[in-house]
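Only a predicted model underlies this, so the values are computations on that prediction, with no experimental measurement involved.
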Amino acid sequence: MSDLSKSERHVLAVLVDNEAGVLARVIGLFSGRGYNIESLTVAEVDAAEHMSRITVVTKATPAVVEQILAQLDRLVPVHKVVDLSVDDIPSVNREMALIKVASTGDKRVEALRLSEAFRARVIDTTHSSFVFEVTGTPEKIEAFINLMRPLGLVDVSRTGVVAIARGAEGM
Amino acid sequence: MSGQEMTGAQIVIRALLDHGVDTIFGYPGGAVLPIYDEIFKQEGIKHILVRHEQGAVHAAEGYARSTGKPGVVLVTSGPGATNAVTGLTDALMDSIPLICLTGQVPTHLIGSDAFQECDTVGITRPCTKHNWLVNSVDELTRVMHESFYVATNGRPGPVVVDIPKDVQFASGTYEGPANVVHKTYRPQIKGDASAITRAVELMAGAKKPIFYTGGGVINSGPNASLLLRQLAEMTGYPVTSTLMGLGAYPSHEDQWLGMLGMHGTYEANNAMHDCDVMICVGARFDDRVTGRLDAFSPNSKKIHIDIDPSSINKNVHVDVPIIGDCAHVLEDMIRIWKSKVAQPDKEALADWWRQIDTWRGRKSLAFKQDESGPIKPQQAIQRLYELTKDRETYITTEVGQHQMWAAQHYHFDEPNRWLTSGGLGTMGYGLPAAIGAQIAHPDALVIDIAGEASIQMCMQEMSTAIQFMLPVKIFILNNEYMGMVRQWQELLHGGRYSHSYSEALPDFVKLAEAYGGTGIRASKPEELDAKITEMLDAPGPVIFDCLVDPAENCYPMIPSGAPHNEMILGEDPNAPTVTEEGKMLV
Ligand SMILES: Cc1ncc(C[n+]2csc(CCOP(=O)(O)OP(=O)(O)O)c2C)c(N)n1
Ligand SMILES: [Mg+2]
């Protein structure tokens with residue numbers, strides 16, 4: 001149905017009522033209709049109002065993105081859906097990763113040196129390993145991981161993207 | 001407002017009563033016994049005991065489709081719930097409002113693989129509009145009220161309320177349904193005024209317009225049908241409809257082109273293909289309707305009225321989308337048309353009608369009944385129509401050729417009289433749906449036009465009809481084949497009739513009698529009228545075994561993968577054939 005060559009990456013913010021099964025509904029919608037999920041994050045953002053915010057990153061043609069937005073919006077517990085990847089809503093995207101690198105000698109020194117260039121924090125260390133915490137755009141995290149690969153990369157844990165619109169307006 | 005103390009089971013019954021429910025279709029079991037106990041103690045709600053939970057859901061669909069009110073279903077946990085899944089999916093595809101109450105094992109056993117436990121909300125999540133697991137009696141009142149709101153507002157659909165047994169026993173507080181404001185779900189009812197104005201301008205400038213209407217007009221309520229008739233009359237534009245929309249516009253009107261789509265009329269499909277302005281009212285550009293998408297109505301501007309924003313631009317890109325309820329939007333259209341003193345282009349319209357009349361001249365629904373030959377299925381439907389058209393008649397169908405022949409040769413002048421499984425195409429729908437319609441309209445004539453294969457899928461509901469003295473008539477077009485499958489095998493698979501012969505059929509006359517009903521058989525064309533009259537005169541349920549030509553194919557037909565203007569009109573060796581690409585489609 002979708003011509004993948006015309007696919008674009010879109011970051012969608014979905015404000016939902018935090019009721020049982022709401023995440024399953026959103027994920028089921030993507031799998032059931034064959035939409036792609038690149039990453040998905042969710043957490044409660046307003047405990048008093050029982051609201052959670054889901055950030056989904058998807059790749060699809062513009063027509064399919066329009067469908068995804070409409071399909072999400074008609075789920076009963078969904079308050080609001082916003083496409084944060086359109087020109088009239090500039091947004092900031094951030095992701096965090098925890099990255100474990102095990103090495104000694106020159107490689108260990110080089111890993112530490114590079115982590116400073118990326119403003120990664122060392123949050124755990126042994127004589128033979130580091131755990132770095134790095135925050136930034138997915139591209140920055142990707143670049144850091146690639147640099148760590150020859151230096152003893154062991155494990156990567158990423159949060160997936162969270163995003164928010166720039167400016168004074170709320171969602 | 002102060003609440004009233006009662007048990008969960010009592011809350012369920014009170015909420016149903018407060019929402020005006022007079023009938024529920026159900027089947028008992030361990031996990032719903034407290035609710036059944038409350039049903040025993042009251043008289044306001046009639047419980048119709050079906051013979052299989054699938055039947056309960058289809059019966060509730062028949063009730064809903066023929067009344068415009070939501071249907072209510074009550075089933076037990078585990079197998080009760082899983083048996084309901086086909087019906088729920090059917091209702092979701094055809095936008096039928098249902099509230100399905102399922103029993104669940106007590107909350108402390110959930111997740112332990114308890115006896116008759118299943119993950120009902122998990123299983124039914126993709127086949128309902130919404131569902132709830134009620135974890136505590138404190139949530140029950142709210143969920144009951146919300147379930148009615150969600151099922152009936154916006155695009156209607158089925159919902160499931162899963163109620164653990166301990167919640168049914170627990171005592172809680174009930175409050176009436178006044179002032180339920182849903183936290184998140186607020187569908188748009190009024191259409192955008194500027195979009196409607198743009199639509200009216202397009203319509204007024206049209207030279208080759210067409211109304212393409214669907215089940216949304218029926219769902220919107222009888223007023224929408226009246227408004228559609230009014231707008232059609234004001235404009236003089238031709239009207240066609242999907243399978244689901246039949247009856248919204250009267251079939252006896254000159255402006256009626258018949259149904260469109262795969263087995264629609266030649267004139268309806270060609271008019272769709274050649275039109276310059278298409279006014280889609282409550283239809284969803286389904287693949288049965290559009291044929292090959294990239295050749296669908298290539299030169300038209302398209303206006304699309306739909307209550308569900310996700311229907312817009314899903315399959316076909318439209319020029320003027322209008323999100324809203326059909327009746328509201330049609331009303332605004334009429335008002336704006338009048339205020340602009342819009343006049344259709346009379347000359348262009350006359351040319352357009354001349355063109356349509358040449359298509360009509362092909363008489364695409366014609367068939368030939370040999371006096372000495374077997375009964376043609378079309379002839380059987382035609383006689384059935386002639387002998388029943390002056391009564392208050394509700395027609396349900398199963399799925400297959402007989403369904404399409406019924407749509408083509410039975411004619412509808414009122415909404416809510418035609419009940420068929422369109423989106424899911426569920427064999428077994430017709431008999432239970434007829435039971436639901438008969439419950440809602442005790443004095444009406446309700447006929448299930450059936451196939452000999454489909455009818456066996458929910459045949460057991462004949463027992464329900466007998467128990468509740470429901471005089472439904474089952475009119476089987478018995479061609480001894482899964483005819484629609486046979487037709488596709490003939491057209492696409494070299495006539496290799498793999499497992500489509502209806503072997504070992506029961507004697508339907510004896511079967512009717514075994515249930516306690518009446519069985520009638522007809523095999524010759526000249527018998528039809530007398531035997532149909534005999535069926536109509538019989539006081540109780542009838543199975544009519546109408547032996548028809550087994551080789552008859554359903555035409556006209558747009559082969560899958562073909563555009564609207566490449567129809568097969570009949571057994572013609574030069575007819576367009578199905579392409580390799582078309583074979584891949586369903
Ligand atoms: C539950 C279900 N299973 C399978 C099908 C596929 N199917 C569509 S039509 C048909 C044949 C129906 O035969 P019959 O009821 O005799 O009707 P006919 O086409 O002969 O009029 C089948 C098997 C279906 N629609 N529904
Ligand atoms: Mg058959």
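Annotation for B:E581: atom CD does not count as buried by contact number, only 12 or fewer foreign heavy atoms lying within 6.0 Å. No more than 12 heavy atoms of other residues, nucleotides or ligands sit less than 6.0 Å from atom CD of A:E169. The environment of B:D294 atom CG is dense: over 12 non-hydrogen atoms of other residues, nucleotides or ligands sit within 6.0 angstrom. Summarising the local packing, NZ of A:K107 is surrounded by 12 or fewer heavy atoms from other residues, nucleotides or ligands at distances under 6.0 Å. The number of heavy-atom neighbours closer than 6.0 Å to NZ of B:K301, taken from other residues, nucleotides and ligands shown, is 12 or below. Other residues, nucleotides and ligands contribute over 12 non-hydrogen atoms within 6.0 Å of the CG atom of A:L114.
For B:H182, the part lying near chain A is the side chain, with the backbone staying farther off; criterion is any non-hydrogen pair under 4.5 Å. Using a 4.5 Å cut-off between heavy atoms, B:D308 touches chain A through its side chain atoms alone. No part of B:R186 comes within reach of chain A, as not one of its non-hydrogen atoms sits under 4.5 angstrom from that chain.
The ring pair (Phe, Tyr, Trp, His ring centres under 6.0 Å) check on B:F296 picks up B:F285, B:H564, with sequence neighbours excluded.
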side-chain contact (heavy atoms from CB on, under 4.5 Å) assessment of B:N131 paired with A:R25
CA-CA 10 Å; B:N131 61 13; A:R25 271 178 225 289; 2.9 Å; yes
Donor-acceptor contacts, no H, no angles, side chain residues 143-152 of chain A, under 3.5 Å, sequence neighbours left out:
from: A:N146; atom 1: OD1; to: A:R149; atom 2: NE; distance (Å): 3.4
from: A:N146; atom 1: OD1; to: A:R149; atom 2: NH2; distance (Å): 3.2
from: A:N146; atom 1: ND2; to: A:E142; atom 2: O; distance (Å): 3.3

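At a heavy-atom cut-off of under 4.5 Å, chain A is reached by B:R125, B:K129 from residues 121-129 of chain B, listed in order of number.
Note that CD1 of B:I307 is 12.0 Å distant from CZ of A:R74, once rounded to the nearest 0.5 Å. Taken from CD in A:Q71 to OG in B:S311, the straight-line distance is 8.0 Å, to the nearest 0.5 Å. Here the straight-line distance linking atom NZ of B:K183 with atom CE of A:M51 works out to 7.5 Å at 0.5 Å rounding.
Judged by distance alone, with hydrogens and angles left aside, the side-chain atoms of B:T184 form no donor-acceptor pair with the main-chain N or O of A:H79 at under 3.5 Å.
Counting all heavy atoms, side chain and backbone alike, B:S310 lies closest to A:A70 at CA-CB, 3.5 Å. B:H130 and A:V76 make their closest contact through ND1-CB, 3.6 Å (heavy atoms, listed as atom of the first residue, atom of the second, distance).
For the set A:G28, A:A20, A:P77, the count of heavy-atom pairs under 4.5 angstrom toward chain B peaks at A:P77.
Residues in residues 114-123 of chain A take part in these side-chain hydrogen bond (donor to acceptor under 3.5 Å, both in side chains) pairs, two or more places apart or across chains: A:R121-A:E133.
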